[in-house]
Structures are given as C-alpha cells and as structure tokens.
There are 2 protein chains.
Amino acid sequence: MIYSSELIKGTLKTIVLKLLSTHTKMYGYEITQKVKELTLDKIQITEGALYPTLHALESEGLVTTETEYIGKRMRKYYSISPAGTVKTNEKVTEFADFLNTMTFLLDIKTTTA
Amino acid sequence: MIYSSELIKGTLKTIVLKLLSTHTKMYGYEITQKVKELTLDKIQITEGALYPTLHALESEGLVTTETEYIGKRMRKYYSISPAGTVKTNEKVTEFADFLNTMTFLLDIKTTTA
DNA sequence: AAAGATACATAAGACTTCGATGTATTTGCA
DNA sequence: TGCAAATACATCGAAGTCTTATGTATCTTT
C-alpha cells in the first residue's frame, strides 16, 4: 500500500527535518531511499517534491549544504542547523499533537506494540 | 494552539466523512462547530474549505442532501450514503496506518491515556 | 553495449485550502 | 428597541504544495 498523496501533504518538511536531525548529513537521493526503506515503501518521496523542499529549507536557514564529488558525480550534502533543530522539535511536537487529536476524532483504536 | 494549515490538508474529507457516518445527518455550519468543539479549537474548518468539500462529496455520491427551512433560514442536511460508508472505512483505515508509520518515522513517544 | 540505478535539477499543471467577500436571518443583550 | 454577534448558505481569487514530465549526466551490472 502506498498512501494517497493528499495524506503526505504538509508532512514532507517535517520528515526531512527529522531525518536530517538524526543523521548528521545526507544527500537528496539518500533521503528518498531512506524514507522508502523506513516506511516499507509506503511513503515514496518524489524528487520533484524533495529538491524544492531542500532548497526552501536551505534558504530558510534550517539546513546547510556542502558539495562533494564521488568520481565525477556531484553529491550535495545537507546538514541540520541550530535553527533547524529548534524547528524540527516544534514540527514534530505539533505533529504528535495533531495525531492525538485525529486519533480521538476518527475514533482510531491504538495498538500497544 | 491551532495547527498550521498544511497539516490539515488531505484530512478534511476524512474528518467530514467520519462525522457524517456517526451522526445520521448534519448541516455545514454544524460540522464546523462540532469539529471545533471535539478538537478543543485546535482544528477550525473554514467555510471556504468546507462547502466545496461537501459539494464534492455529494457529486461523488458519498453523501446525500435534503434541504429544510428553520423559519426563513435554509439548512442543508448531509447524510452518508452506502458508498460513503465504505469510503469512510477505507480512509480511516488508511489514516490509522499512516499514523503508525509517522509515529515510527518521527520517533514519537505515544502516551497511554 | 545497453539497461537500470544513481544524482542533480526545473517547470507546468493539478489540487486543496485560505481569506475575503457577499447575502440574509435570528438571537441576545444593553 | 436597536445593534452586534451568531447562524447559515455560498463563491472566488490567491497561495501553497505536490505530481508528472522532462532534462542532463555518471556509474554499475549483466
């Protein structure tokens, strides 16, 4: 199952920030693969969505970049900034609260893993 | 706290369908108030978002309508259709799954209420 | 040698929601 | 009694986000 695209809307930034705050540095393609892997293919981040998001995060000062070459192929690494760490916590907290609210609203039975 | 609007994106239809599947019939304004009340003001559905959504649900055959007059003021009631009930279950199930995935991905600590 | 994976990026279009605006009635309170 | 606030519908332009398509180029595997 792949989630309908509306669901993921609004969560992309949060996902990317969270990943970067737990991985010191990652490059774009790596992020798409990591999300795919961690979510068992349920969330597929397209490159058309990811790169604009990364650029936006950079221009907001939430991430920093450094470019590296593997052979002749470019690789652009992204790292979380101090402001990005703060923002990540805010976004994750807000999302957690939202999940609680929705669980109640939709009367979802939570399974204790 | 009111959730940033991106978060609600993609969940509006699900919320409306769920409410209608547990309330026999509701009218637009009532839905906005009910959501506000149930979520302790955290989710505010704007009328500019709700009415187009209700009209869309109707044209998809997921809800049926009946108009009533309270004095001179019109009230348009919406009720879930059989197809709507099926759709509601699908959407709620999908959201529940999404919730689990995101909880894992964002490493959210769940509180057992 | 070719296909598929890796790796970046942009851009037009679709879709959803917001915020503003509009009309009209009813209720509450000062 | 008069006026503000709440009730109740609705539309529309603008904004924001993501999809799909497209483009370039390198590396790996068969």
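To find a chain, count down the sequence lines: A is the first, B the second, and so on, and within it residues start at 1.
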**Study point:** base_contact_polar (dT26(C) base, R73(B) side chain, donor-acceptor, <3.5 Å)
**Key:** no
Review point. Does a donor on one side chain and an acceptor on the other come within less than 3.5 Å for T101(A) and Y3(B)?
Key: yes
Taking only side-chain N and O atoms of [X], does any of them lie within less than 4.0 angstrom of OP1 or OP2 on [N]?
| X | N | value |
| --- | --- | --- |
| K76(A) | dA9(C) | yes |
| R75(B) | dA8(D) | yes |
| Y51(B) | dA10(D) | no |
| H55(A) | dT10(C) | yes |
| K9(A) | dT19(D) | no |

Study note, to complete from the structure: From the list K76(A), E58(A), K25(A), H55(A), side chain to side chain donor-acceptor pair (under 3.5 Å) with T65(A) holds only for E58(A)
Write down the atom of [X], the atom of [Y], and the distance for their closest heavy-atom approach.
| X | Y | value |
| --- | --- | --- |
| S81(A) | G61(A) | OG-O, 2.7 Å |
| L50(A) | G28(A) | CD2-O, 3.2 Å |
| T93(B) | N89(B) | OG1-O, 2.7 Å |
| V63(B) | L54(B) | CG2-O, 4.2 Å |

Practice item. Find the distance between CG (L99(A)) and CG (D97(A)) and round it off to the nearest 0.5 Å. Key: 9.0 Å
Check your understanding: Which distance, rounded to the nearest 0.5 Å, do you find between the CD1 of I15(B) and the CG of L105(A)?
Key -> 5.5 Å
Check your understanding: Closer to the 5' end of DNA chain C via nearest nucleotide, is it M74(A) or E6(A)?
Key -> M74(A)
Exercise for review: Taking atom NZ of K18(A) as the centre, report whether more than 12 heavy atoms of other residues, nucleotides or ligands fall under 6.0 Å from it.
Suggested key: yes
**Study point:** Nearest-nucleotide comparison on DNA chain D, the residue closer to the 5′ end among A49(A) and K72(A)
**Key:** A49(A)
Value in whole Å for how far the [atom2] atom of [N] lies from [atom1] of [X]:
| X | N | atom1 | atom2 | result |
| --- | --- | --- | --- | --- |
| I2(A) | dC18(D) | CD1 | P | 17 Å |
| L57(A) | dC18(D) | CG | P | 11 Å |
| I8(B) | dC15(C) | CD1 | C1' | 17 Å |
| L54(B) | dT11(D) | CG | C1' | 14 Å |
| Y3(A) | dT17(D) | OH | C1' | 20 Å |
| E68(A) | dT26(D) | CD | P | 18 Å |
| L7(A) | dT17(D) | CG | C1' | 14 Å |

Study note, to complete from the structure: Contact check, residues 11-47 of chain B vs DNA chain C, heavy-atom distance under 4.0 Å, returns L12(B), T46(B)
Review point. Between E30(A) and H23(A), does a side chain to side chain contact (heavy atoms under 4.5 Å, CB included) hold up when you go through it step by step?
Key: CA-CA 11 Å; E30(A) 187 184 10; H23(A) 286 84; 6.0 Å; no
Check your understanding: Which angle, to the nearest 10 degrees, lies between the helix axes at the two ends of the helix from dA1(C)-dT30(D) to dA30(C)-dT1(D), each defined by five pairs?
Key -> 30°
